[in-house]
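First the structure, in the form of structure tokens, and then the observations on it.
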Amino acid sequence: MREMQTTYNPKEFEDRIYGEWVSRGYFTAKVDPAKVPFTVMMPPPNITGQLHMGHAMDETMQDTIVRFKRMQGYSVLWLPGTDHASIATEVKIVDQMKKEGLSKEQLGREEFLRRAWAWKEKYGGRIVEQLKKLGSSCDWSRLAFTMDERCSNAVREAFFRLYEKGLVYRGSRIINWCPGCKTALSDAEVEYSEDAGFFWYIRYPVEGEEEFLIVATTRPETMFGDTAVAVNPSDKRFSRYVGKTLRLPLTDRTIPVVADGYVDPEFGTGAVKITPAHDPNDFEVGLRHNLPVVRVMNDDGTMNELAGEYAGLDRYEARKRAVAALEAQGLLVKVEPHKHNVGHCYRCRSTVEPIVSKQWFVKMAPLAKPAIEAVMKNKTKFVPDRFAKIYYNWLENIRDWCISRQLWWGHRIPVWYCDDCGETICAKDTPTVCPKCGSARLTQDEDVLDTWFSSALWPFSTLGWPDCTEDFSYFYPTDALVTGYDIIPFWVMRMMFSGLEYTGKVPFRDVLIHGLVRDEQGRKMSKSLGNGIDPLEVIDRYGADSLRLSLLTGVAPGNDTRYTDAKVEAARNFINKLWNAARFVVMNAKDVSVPDLGTVRLQPADRWIISRLQTCIRETTLSMQKYDLGIAADKLVDFVRNDFCDWYIELSKPALYGDDGEKKRGALGVLLFVLDSALRLLHPFIPFVTEEIYSCLPGREGSIMVAEYPRYNARLAYKKEAKAFEGVIELIKTVRAMKVAVNCPPAKKVRLFLVTEGRRLVNANKSAVLRLAGASEIEFVSDGSEAGEKTVSQVCGLCHVFIPLGELVNLEEEKKRLEKELDRVMGEIARAGGKLSNVNFIAKAPKKLVEDERAKLEKYIDMKAKIEKQISEL
RNA sequence: GGGGGCGUAGCUCAGUUGGUUAGAGCGUUUGCUUGACAUGCAAGAGGUCACAGAUUCGAGUUCUGUCGUCCCCACCA
């Protein structure tokens, strides 16, 4: 047992305690058939950098849930890991190399990968350290990485199975190309923003005639790839041109005019240039009309030889020059400013080019269907459930998933091509000869897989799938996934269809969705704005518990929240209060230990706080089970601060400082019992400080981490007694307010005259009332006049209070106060009276409610009479 | 174009299935070195729950519409 310090100083124990937890193996999950498993897979942070506030909230939520379940007796696995983050990491490494004047090509694939692994060691390790600082109780013995052997094995298996089923294919499609990263991207990886651009109106001369068709375009440089101009079939203005041929300006090519319903006659000029190689819609039009696909751009965003004299120029330079040339030839009609949405690479922000390219795709339709059904049938539930709609929306409109990336850092596609016969071979293990022609000259596909392909397998690849390991059969499917709404399309959705496809089961039962942590002004935290706040720096200032608590209170599931120092400070202040309350208890309870309440003689105040505790246990447990962490935290803070600190500790003091040994032991026992329970209830939220205090409790051994979560005990609910005791509290509050109202100094003790039927209750708590209300004595009288001529009085539930204050009373103020009180009571009478005179209310509302309302009305009528009498006596 | 969130006290936000007098933190006013805590204690002030309808005995809570605001998706070249 340690002596407690006078102030809460988290730095003194957080690291030490974390080390103890780890060394005792409390985080290590055990396959225990006698227990029910509870599994959470940590969304693996990218190894690109360090944890930010969003991670802090995400991890805190998971840790809180997981600690709660562990204390409830589940066999908990919270599996941590990191993500190789293929494109994001590669961008960073390339940037780093650029500073050294190096390029990927100069370095070569092998050397580049060596650097990448070194990067992983450095930053992956840093993230682990940050997770520890937060108090994350994850199982480090099972730490995973998306590119470790296990996960890589799962990736090859998954790809192989899709290939065998024909669900993965290679083909030339229009994809999103990032000229910065020089790789293909999936639809989800493109972010659109409205950029200012121009609309160029260009004349396309009709072959053999003096006429033109005018087309409007935002991207004139792509005209070298035009293979048609399209008009709406019902557009009479252009019907006579359909089938004719146009001369494509700046080239010596001609292109046909086609009719296609895709064209909106109202927009632009009603005639659209069709560039199948550089626009997804045009690509579709091209397919319908059998148009050639002419790609005029290189992978780096420069024009290729098909752009004639513009070959080699950057796309924007080519645009400028092409427009100038058109103008010089009199083919440019006009230029209009035009705002339009432009796609950007989510990693390097380059403007994405839609380009036709040969890539690997996953066929989505057959995979999306079961994934939708699983949520429809409630096999997986979103919390809050509105996010299911977003999920449906994505899956219902999904296109095939482009999974190949022209990058080096990632899982290399498990496909080989035979140099001799051209055979494509997909295999789990590197093949040595071509199964078709026997040649040993095989070349592996150069590309790697989309980083989300491996993330999609995370809930089971980390457990050893495809092998039927002990872990996999015990811990899978997982129970809860905790993540932000922003990655539902990237990750949640893909885990869902992957889990269903490969394991036949949903990967998780509940998906708890949270929002973003924004800055003080409500802006997204971002590097470019420089408004990010480092959680570690906050932990350094306030401690991890304060940060954790501040991130969970006042937050509704799925809603964004703002980070403010003020919130953390408020949390810190609360924890300091808990600390000092504990110090008070421990100081007084040197030789006592947490009792079995059956052996303690309980006073009314004791029963009251025990009753309040039961309510608190019941409600917080319920909230926790519903993932309403914010509500649970609020309830706990409220209980500790208001019920325990403000009331019970103060109420216990007379007994503690009195001569009655039994009462003293009773109060100490209850203090310890309630404190002990409160600590266990709070532990999932603020693990460090609760552990530290727990270790100071007399007679408590072992860790609070493995202590049992408090359970509601109906025998300790003491409903009636607790309710009666509320009357005592109200009495004390009433006296305090009366003293303030008449400017009586708090230190000055007053004599209380009470007209009451609750004499026994008041007497049983006499010392507490005297102490907390600041009174010198209590006299029970049958009428206020016995209190003397000049009195101030107030009615509360338990009694009518009279205080003789003589010259201290300011008659005018007292009258005002009473009148105000009368107003309030009249209002209540009107409200309750109105309700009760409503026949429908009497007939249809629950009986209990009607009775309550009647009782209330009676009470208020009684109060009204008393106040009126009081006013007239003044 | 489609979908969704938000609008509650000066500020930031909670508000579980409709049911006492709508809450918290911060701020604010007044008074307090009250034998755990000034990172504190006590007492207060402060709200037509955006607006208009509807359902209901009863609506901050359910439904419809309006306004304001933010976000996601689609991408008319």
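These numbers come from a predicted model, not from an experiment. First the proteins, then the strands, lettered A, B, ... as listed; each starts at 1.
Across all strands shown, U34(B) has no partner, as no Watson-Crick or G-U wobble contact with both distances under 3.5 Å is found. When both pairing distances are held under 3.5 Å, U48(B) makes no Watson-Crick or G-U pair with any nucleotide shown. As the counterpart of C11(B), G25(B) is assigned, both hydrogen-bonding distances of the Watson-Crick or G-U wobble pattern falling under 3.5 Å. Using N1 to N3 plus N6-O4 or O6-N4 for Watson-Crick, or N1-O2 and O6-N3 for G-U wobble, each under 3.5 Å, G1(B) pairs with C73(B). Base pairing of G60(B) is not made with any nucleotide, judged by Watson-Crick or G-U wobble geometry with both donor-acceptor distances under 3.5 Å. Look at G68(B): its Watson-Crick or wobble partner, with both distances under 3.5 angstrom, is C6(B).
When the C1' atom is compared between U12(B) and G27(B), the two are found 11 Å apart, to the nearest whole Å. When the P atom is compared between G58(B) and G68(B), the two are found 32 Å apart, to the nearest whole Å. Spacing of P atoms, C63(B) relative to G7(B), comes out at 15 Å, to the nearest Å. As rounded to the nearest Å, U33(B) and A50(B) have C1' atoms that lie 47 Å from one another. Taking atom P in both C51(B) and C41(B), one finds a spacing of 36 Å when rounded to whole Å. Taking atom C1' on both nucleotides, G3(B) is separated from A45(B) by 43 Å, rounded to a whole Å. Atom name P, nucleotides A43(B) and G5(B): the rounded distance is 40 Å, in whole Å. Taking the P atom of each, A52(B) and C67(B) are spaced 15 Å apart, rounded to whole Å.
Residue contacts for Ala737(A): at a heavy-atom cut-off of 4.0 Å it reaches the sugar-phosphate backbone alone, with no base atom in range. The residue Tyr8(A) sits apart from the nucleic acid: no heavy atom pair falls under 4.0 Å. Across all strands, Ala581(A) comes closer than 4.0 Å to base atoms (heavy-atom distances). Counting non-hydrogen atoms under 4.0 angstrom, Pro846(A) reaches a base of the nucleic acid. Heavy atoms of Trp579(A) sit nowhere under 4.0 angstrom from any nucleic acid atom. Contact annotation for Lys389(A): backbone-only contact, meaning every heavy-atom pair under 4.0 Å involves sugar-phosphate atoms and none involves a base. Using a 4.0 Å heavy-atom distance criterion, Tyr262(A) is classed as a base contact.
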- Apply ring-ring contact (aromatic ring centres under 6.0 Å, His included) to the pair Tyr648(A) and Phe639(A), showing each step before the final yes or no. CA-CA 10 Å; Tyr648(A) 188 71; Phe639(A) 172 75; 9.8 Å; no
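The side chain of Asn573(A) contributes no N or O atom lying less than 4.0 Å from OP1 or OP2 of G25(B). In this model, the phosphate group of A77(B) is not approached by any side-chain N or O of His278(A) to a distance below 4.0 Å at OP1 or OP2. Contact check, Asn559(A) against A14(B): a side-chain N or O comes under 4.0 Å of OP1 or OP2. Close to A36(B), at under 4.0 Å from its OP1 or OP2, lies a side-chain N or O of Lys653(A).
In this model, a side-chain donor or acceptor of Glu650(A) finds a partner on the base of A36(B) within 3.5 Å. Contact annotation: side chain of Asn341(A) to base of C75(B), donor-acceptor pair present below 3.5 Å. Contact annotation: side chain of Arg572(A) to base of U39(B), donor-acceptor pair present below 3.5 Å.
Note: Phe382(A) and Tyr391(A) have tilted aromatic rings, judged against thresholds of 30 and 60 degrees for the angle between ring planes. In this structure, Phe198(A) and Trp200(A) have tilted ring planes: the angle between them lies in the 30° to 60° band.
One atom, CG of Asp560(A), and another, C1' of U12(B), lie 14 Å apart when rounded to the nearest Å. When rounded to the nearest whole Å, the span between NE2 of His344(A) and P of C75(B) equals 15 Å. The distance from atom CG of Leu656(A) to atom C1' of U34(B) is 16 Å, rounded to the nearest whole Å. If you take CH2 of Trp647(A) and C1' of C41(B), they are 12 Å apart, rounded to a whole angstrom. Here the C1' atom of nucleotide G35(B) and the CZ atom of Arg771(A) are 8 Å apart, to the nearest Å. Straight-line distance from the NZ atom of Lys739(A) to the C1' atom of C32(B): 11 Å, rounded to whole Å. Taking atom CG of Asn588(A) as the reference point, atom C1' of C37(B) lies 14 Å away to the nearest angstrom. Across the protein-nucleic acid pair, Lys847(A) atom NZ and G19(B) atom P stand 21 Å apart, rounded to whole Å.
Residues Lys859(A) and Ser193(A) each lie close to RNA chain B; by heavy-atom proximity, the contact nearer the 5' end of the strand is made by Lys859(A). Nucleotides of RNA chain B nearest to Asp638(A) and Ile631(A) differ in position, and the one nearer the 5' end is that of Ile631(A).
Side-chain N/O atoms of Asp560(A) and Tyr485(A) include a donor and acceptor closer than 3.5 Å.
Between Ala678(A) and Val640(A), the shortest heavy-atom distance links the atoms CB-CG2, 4.1 Å. Minimum interatomic distance between Pro249(A) and Arg203(A) (heavy atoms only, all atoms of both residues): CG-O, 3.4 Å. Residues Val568(A) and Leu547(A) come closest through the heavy atom pair CG1-N, 4.1 Å.
For Lys856(A), the NZ atom sits in a packed shell: over 12 heavy atoms of surrounding residues, nucleotides or ligands are nearer than 6.0 Å.
Considering only the side chain of Leu849(A), G19(B) comes nearest among U39(B), G19(B), U16(B). Relative to the side chain of Asn393(A), the nucleotides G25(B), A77(B), C73(B) differ in distance, and C73(B) lies closest. Side-chain proximity of Ala570(A) to U39(B), A36(B), G25(B): nearest is G25(B). For Asn580(A), the side-chain atoms get nearest to C37(B) when compared with the rest of C13(B), A43(B), C37(B).
An aromatic stack links Tyr657(A) and the base of G35(B), using centre distance under 5.5 Å and interplanar angle under 30°.
Using a 4.0 Å cut-off between charged nitrogen and carboxylate oxygen, Asp195(A) and Lys339(A) do not count as a salt-bridge pair.
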